Amino acid sequence: TGVQTCALPISLDDYCSRTGLKLSSRDLIKIDDEGADLSVLEGAARVIREGRPQIAVTTYHEQRHAEQMLELLSGLVPEYRFRVKGLAFWMSPMRPVLLQAALP
C-alpha cells in the first residue's frame with residue numbers, strides 16, 4: 001500500500017509564474033468550476049490583465065456571479081467586449097449561463 005497525496009489548489013497566476021506560461025489574446029481560459037468560477041477568475045487576475053486572453057466562464061451557480069465577473073473583468077481589461085449566453089430558466093430568478101469576454 002502506497003501513500004496517497006492530494007495536490008493543493010494553485011491559482012492560474014501561480015501556475016503560470018511557476019511554469020513560465022504566458023497567455024495572449026489568442027488563448028482561451030474556459031472555466032466551469034461548479035460555483036468556484038469567480039474565485040478562479042480572481043486567481044487569474046495578473047494573467048488576464050497582462051495577456052488579455054479570451055474567457056468563457058459559467059455564471060449560473062451563484063445569483064450575483066455574472067454581475068461580479070463583469071465588474072472584475074472590465075476592471076482588469078477595460079477593452080474587453082462581453083457576451084452572455086443562455087439563461088438558466090430552471091433557477092429563480094433566471095440567470096445567465098455563460099459569460100464570454102474577448103478583445104474586439
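None of these values were measured; they are calculated from a predicted model. Computation of the quantities below employed the complete heavy-atom set of this structure, encompassing side-chain atoms and omitting hydrogens, waters and symmetry-equivalent molecules.
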remark   = By side chain to side chain contact (heavy atoms under 4.5 Å, CB included), Tyr15 pairs with (sequence neighbours left out) Ile10, Thr19, Leu21
note = Scanning both residues in full, the closest heavy-atom pair of Pro96 with Ala66 reads CG-CB, 3.8 Å
message = Using every non-hydrogen atom in the two residues, find where Ser74 and Phe82 come nearest and quote the distance to one decimal.
response = N-CZ, 3.9 Å
request  = Mark yes or no for whether Asp14, through its side chain, and Leu12, through its backbone, hold a donor-acceptor pair below 3.5 Å.
outcome  = no
note = All heavy atoms of Ala56 vs all of Leu98, minimum pair found to be C-CD1, 4.1 Å
task = Can you sort out the partners of Gln100 under side chain to side chain donor-acceptor pair (under 3.5 Å), two or more places apart, ordered by chain and number?
result = Arg83
Partner set under side chain to side chain donor-acceptor pair (under 3.5 Å) for Ser17, not counting sequence neighbours = Arg46
query = Could you give the distance from OH (Tyr60) to CG (Leu99), rounded to the nearest 0.5 Å?
reply = 14.5 Å
ask   = What distance do Leu73 atom CG and Gln68 atom CD have between them, rounded to the nearest 0.5 Å?
value = 11.5 Å
inquiry  = Using the side chain to side chain donor-acceptor pair (under 3.5 Å) criterion, which residues pair with Asp13? Sequence neighbours excluded.
reply    = none
request  = Give, for atom CG of Leu38 and atom NE2 of His65, the distance between the pair rounded to the nearest 0.5 Å.
outcome  = 4.5 Å
ask   = Among the clusters formed by ILVMFWY side chains lying less than 4.5 Å apart, do Tyr80 and Leu28 turn up in the same one?
value = no
key: Qualifying salt bridge (charged side-chain N to carboxylate O under 4.0 Å, His left out) pairs with a residue from residues 61-81, counting only residues at least two apart or across chains   = Arg52-Glu79, Arg64-Glu67
inquiry  = Show me the pairs that pass salt bridge (charged side-chain N to carboxylate O under 4.0 Å, His left out) and involve residues 18-36, at least two apart or across chains.
reply    = none
remark   = Between Leu41 and Leu72, the two heavy atoms sitting closest are CB-CD2, 3.8 Å
ask   = So among Thr59, Thr58, Ile55, Ile31, which one has a side chain to side chain contact (heavy atoms under 4.5 Å, CB included) with Met69?
value = Thr59
query = Measuring from Ile48:CD1 to Glu42:CD, what's the distance to the nearest 0.5 Å?
reply = 10.0 Å
message = I'd like to know whether Lys85 forms a side chain to side chain contact (heavy atoms under 4.5 Å, CB included) with Val97, so could you lay out the CA-CA distance, the side-chain angles of the two residues, the decisive distance to 0.1 Å, and finally the verdict.
response = CA-CA 6 Å; Lys85 291 207 157 181; Val97 173; 6.0 Å; no
Closest non-hydrogen atom pair, Gln54 against Ala102 = CG-CB, 4.0 Å
